[in-house]
Amino acid sequence: MHTRREMLARSAKVAGLLAAAGFLPMSALAAWPQAAFDAKNMADAVKALGGTSAPAESKDVTITGPDIAENGAVVPVGVATTLPGVKRLLLLVEKNPSVLAAVFDVTDSVEANLNTRVKMGQSSNVFAVAMMNDGKVLYASKEIKVTLGGCGG
Amino acid sequence: MRTQTLIGLAVLALCAGAQAQKSTADGIAEYRKMLEDGNPADLFEAKGEALWKQKRGPKNASLEQCDLGLGPGVVKGAFVALPRYFPDTQKVQDLETRLVSCMVMLQGFDGAEIAKTPFGRGEMANVTALATWVAAESRGMRFNLPQGNVAERESYEIGKRAFYFRGGTHDFSCASCHGESGKRIRLQDLPDLTKNPGDGIGFAAWPAYRVSNGQMWSMQLRLNDCFRQQRFPYPGFGSEVTIALATYMGVNAKGAESIAPSIKR
Amino acid sequence: MKTPHWLVTALATAALLAGCSSMPSSAELDAKANQAIKSSFRDQGIAKTDRLNQDLGQSACSSDKPPSDAVADKIMAEALASVKLPANGQYLGDWKAGERLAQDGRGMTWTDASTDPKANGGNCYNCHQIDKKEISYGTIGPSLWNYGKNRGINDLSSPAFAPIAQYTWVKLWNAKAFAACSNMPRFGYKGLLNEQQLRDIMALLLDPKSPVNQ
Amino acid sequence: MADPMRIRAQAAGDKVTVRVLMSHEMETGQRKDSAGKVIPAWFIQEVTATHNGKPVLTAEWGPSVAKNPFLQFVIKGGKAGDKVAITWVDNKGDKRTDEATVS
């Protein structure tokens, strides 16, 4: 009997081998993409997730979030696109130690419109990225200011 | 031509200044609005409801017969009439100390042990979750604390004196920050707690989920941290000053609509 | 203040008539409140219960009514006398260090390890606007933007400098010197900030090179 | 064991808006405790959603998703009475599944 951790490690290895052999199926991402979360910038994160083209800014991708966050511990952000053929949506915080915050593998059964909340250590650009089925990588960015709180904050 | 450009730039700069001012307040308001939908306090509310109904403690009983002031088992409306005097304990009690009394009387827990437990741990975390649920059951109702009993009126008067009591290294009292309307600390608006500060503001907003540390804060913890920031020594859980301050704020908030549990910075 | 005897008698009678449910007198409530405060707190870390022992400046400012003029004058005179002016008349330090202190709200709570001023911040932005670039500022105290400039200090040799510098130093050292019940902590008098830290904050406010005076 | 999630799933037309709150520390691994020891990372790594048993969304998260995470998404072609289930798995291998009925 394998523990889940071993299973994950194993499937990661398998996925790696499959990828090397050019046989990477969608479901291989059941293993957590460590390299993408270790990436220090958007381009590297996208590359680690199998993106082959450089990210290009696009009006067809929307990032939602407040201009100012009263507290960086919880910052509501969203990524959306109206374009068809979306494979994956990402949210990244430029100045966080781990730039990549979240990856969403979407299917045709859900809208390419996702909202969550991230932590921000300081004021920073936040990126919403859409990785398309045709290999294009499109993004939008927004600066979110993080303010200091009262008293000891 | 040159002068005109300069004037134009100056006007632009002025506008930018005015806009920056406005957008700070607007930006913060927008941020708060975005967080309202999906308040993690919901998680604690659900946990509190389950705890209320669950048979627990040495006596393996639920809290469903707990009297929060409106009779055994009556939860709706109880929160907006607390603190109040309870004949069985012969004390003015706030929501949390009353919940502990019920946990002692009905479930057989050790009340002194719970009172000693740090916030967020063990049974104290359960008290907070229970308080969150009980408060939520009165959402939308208006505060109307009873003041018919001498002990309740005395509690108010002691609370008022404690509110203005200056001490500590920084000479702060509660009134230093909460004695005037229209002030803020950093960007946070400070409710004037010497009167009804308005619906869902001040006393009518706690328990609240604190975004800054991801914790659920009850009124006892709210007061505890106020005293910490006041540079005071440590107030005991359910101590007379904390109850009296709650009575003072609660009576002052008469007519204010409760939005608890809310979400705060 | 003298209360007529007949009024005292009338009040006492009214209280008696109200019977068992009558409220204690205001003085009795004061005593009960003090007792409640004593019994409600305990030592925790560096925050000991002796912090509840009030001096005159605290006790006289502990109600919704201000103290009498005589008491206020006494508090202000004692506060003024308590001030230690800086060594060698050196009022200004480094405004950059001053800005860091102004941003820092830490110190002296039961979660802080040390009472050494070096562990403390000045808390300034909690209550004051200072450098306009910082949008997260409080409004309990007045705006200090252009503090030196507005007072005519364009360079340090200007005749306006000496009196303004001294006033500001006194205000920071013991704010009660100018307002008996000031909301501002007594930074020097209570040992919250040391002389060098005060100089740095002085520089933030008064140095013509400080961003506050641009 | 982890506390239950709160899932709200509301239908409007043929779309279902799903809002999920999960009870989780989401510890980054970057913070130190009062003794100066690093608090180990502990966060949700994978979230999956199903609609009437059919997988519709998979998310991989890093430690910079906020504590007690919130997730909102919209299912196409849903209606009241449908079932929406959410499962999360964290980096310690803990997991939790909760289900809600679309209203």
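Side chains are part of it too, since the values below use all heavy atoms of this structure and drop only hydrogens, waters and symmetry mates. Proteins get letters first, then strands, A, B, ... in listed order; numbering begins at 1 in each.
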(request) Assess whether side chain to side chain contact (heavy atoms under 4.5 Å, CB included) is satisfied between A:Asp105 and D:Glu60, documenting all intermediate values. (result) CA-CA 8 Å; A:Asp105 300 323; D:Glu60 290 90 32; 3.0 Å; yes

Between [X] and chain D, with a heavy-atom cut-off of 4.5 Å, which part of the residue counts as in contact: side chain, backbone, both or neither?
X: A:Val93; answer: neither
X: A:Phe37; answer: side chain
X: A:Ala101; answer: both

(message) So which atom in A:Ala73 and which in D:Ala66 form the shortest heavy-atom distance, rounded to 0.1 Å?
(response) O-CB, 3.4 Å

(request) Of all the heavy-atom pairs spanning A:Trp32 and D:Gly62, show the shortest one and how long it is. (result) CZ2-CA, 4.0 Å

(message) So for atom CG, which belongs to A:Asn41, do other residues, nucleotides or ligands contribute more than 12 heavy atoms lying within a distance under 6.0 Å?
(response) yes

(request) Evaluate whether atom NZ of D:Lys15 has more than 12 neighbouring non-hydrogen atoms of other residues, nucleotides or ligands under 6.0 angstrom away. (result) no

(message) Checking the side chain of A:Lys119 only, and the main-chain atoms of D:Met26 only, is there a donor and an acceptor separated by less than 3.5 Å?
(response) yes

(message) Check whether D:Ser64 reaches the backbone of A:Val118 with its side chain - one donor and one acceptor, N or O, closer than 3.5 Å.
(response) no

What residue in [options] has the most heavy-atom pairs under 4.5 Å with chain D?
options: A:Leu114, A:Leu90, A:Val110, A:Asn96; value: A:Val110
options: A:Asn115, A:Thr116, A:Leu100, A:Val74; value: A:Asn115
options: A:Ser98, A:Ala80, A:Gly72, A:Pro97; value: A:Pro97

(request) Working to the nearest 0.5 Å, report the span between OG1 of D:Thr58 and CZ of A:Arg88. (result) 10.0 Å

(message) So D:Lys54 and A:Ser109, do their side chains get closer than 4.5 Å, heavy atoms only?
(response) yes

